[in-house]
Chemist: 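Input: one structure, supplied below.
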Amino acid sequence: MSTKDTIINKLREAFSPESLDVSDESHLHEGHAGHRPGGETHFRVYIVSPAFEGKSRIERHRMINSTLAGELAGSVHALAIQAQAPGEGRG
């Protein structure tokens, strides 16, 4: 299973999102810190879940970082997060 698939599965299980998009952006970071041949080091997550209602941006990021702690301690160098509750505009 790829790192991207692992991230998707863990986020689905933890947050039951209405919307989830995980993009591998490793190719954009060639030559930069943390990049490795083969990619799977830099990801962007867009997630909409009721679990984020009433939570601040920092709380949402902490929830996701906690869920993906194993990946962040291992192969994932960077994770860009956009986490929203249902009804919040994508922006």
Chemist: Can you find a side-chain donor-acceptor pair between Asp5 and Ser2 that sits under 3.5 Å?
Modeler: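 There is such a pair (donor and acceptor under 3.5 Å, judged by atom type) between the side chains of Asp5 and Ser2.
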Chemist: Do you know which two heavy atoms are closest between Glu53 and Ala85, and how far apart they sit?
Modeler: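 Nearest pair, atom of Glu53 first, then Ala85: CG-CB, 3.4 Å.
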Chemist: Within the side chain of Lys4, is there an N or O that forms a donor-acceptor pair under 3.5 Å with the backbone of Val22?
Modeler: yes
Chemist: Find out whether Leu68 and Val76 are in side-chain contact, i.e. whether some heavy atom of one side chain is under 4.5 Å from a heavy atom of the other.
Modeler: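 Side chain of Leu68 against side chain of Val76, heavy atoms only: no contact under 4.5 Å found.
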Chemist: Specify the closest pair of heavy atoms between Phe15 and Ser49, including all atoms of both residues, with the distance to one decimal.
Modeler: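 Closest approach of Phe15 to Ser49: O-OG, 2.6 Å.
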Chemist: Determine whether a donor-acceptor pair (N or O, by modelled atom type, separation under 3.5 Å) exists between the side chain of Ser26 and the backbone of Thr41.
Modeler: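 A pair under 3.5 Å: yes.
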Chemist: Closest approach of Ser16 and Pro50, non-hydrogen atoms and distance?
Modeler: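 Closest heavy-atom pair between Ser16 and Pro50: O-CD, 4.2 Å.
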Chemist: Evaluate the side-chain contact (heavy atoms from CB on, under 4.5 Å) criterion for residues Val45 and Gln82: first the C-alpha distance (whole Å), next the side-chain angles of each, then the deciding distance (0.1 Å), finally the verdict.
Modeler: CA-CA 6 Å; Val45 171; Gln82 184 175 1; over 6 Å; no
Chemist: Ion pair present between Glu88 and Arg60, side-chain N to carboxylate O less than 4.0 angstrom?
Modeler: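 Salt bridge between Glu88 and Arg60, a charged N being under 4.0 Å from a carboxylate O: yes.
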Chemist: Keeping Ser19 on the side-chain end and Ile47 on the backbone end, is there a donor-acceptor pair under 3.5 Å?
Modeler: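 No: the side chain of Ser19 does not pair with the backbone of Ile47.
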Chemist: Any chance you could lay out the side-chain contact (heavy atoms from CB on, under 4.5 Å) test for Met1 and Asn9, step after step, and finish with the verdict?
Modeler: CA-CA 10 Å; Met1 180 181 304; Asn9 290 340; 3.4 Å; yes
Chemist: Could you state the interatomic distance from NE2 (His42) to CD (Glu25), rounded to the nearest 0.5 Å?
Modeler: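 Answer for the NE2-CD pair, His42 versus Glu25, is 9.5 Å.
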Chemist: Looking at Met63, is its backbone amide N or carbonyl O close enough to the side chain of Thr67 to form a donor-acceptor pair, meaning the two atoms are under 3.5 Å apart?
Modeler: yes
Chemist: Do Thr3 and Asp24 make a side-chain contact, defined as non-hydrogen atoms from C-beta onward lying under 4.5 Å apart?
Modeler: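 Counting from C-beta outward, Thr3 and Asp24 never come under 4.5 Å.
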Chemist: Atom CZ of Phe43 and atom CD1 of Ile7: how far apart are they, to the nearest 0.5 Å?
Modeler: 4.5 Å
Chemist: How close do Asp21 and Ser23 get, heavy atom to heavy atom, and via which atoms?
Modeler: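 Result for this residue pair: OD2-OG, 3.7 Å.
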Chemist: Would you give the length of the straight line joining atom CD of Glu18 to atom CD of Gln84, rounded to the nearest 0.5 angstrom?
Modeler: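 Here the rounded value is 11.0 Å.
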Chemist: As an exercise, state the distance from NZ of Lys10 to CD1 of Ile64, rounded to the nearest 0.5 Å.
Modeler: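 Those atoms lie 13.5 Å apart.
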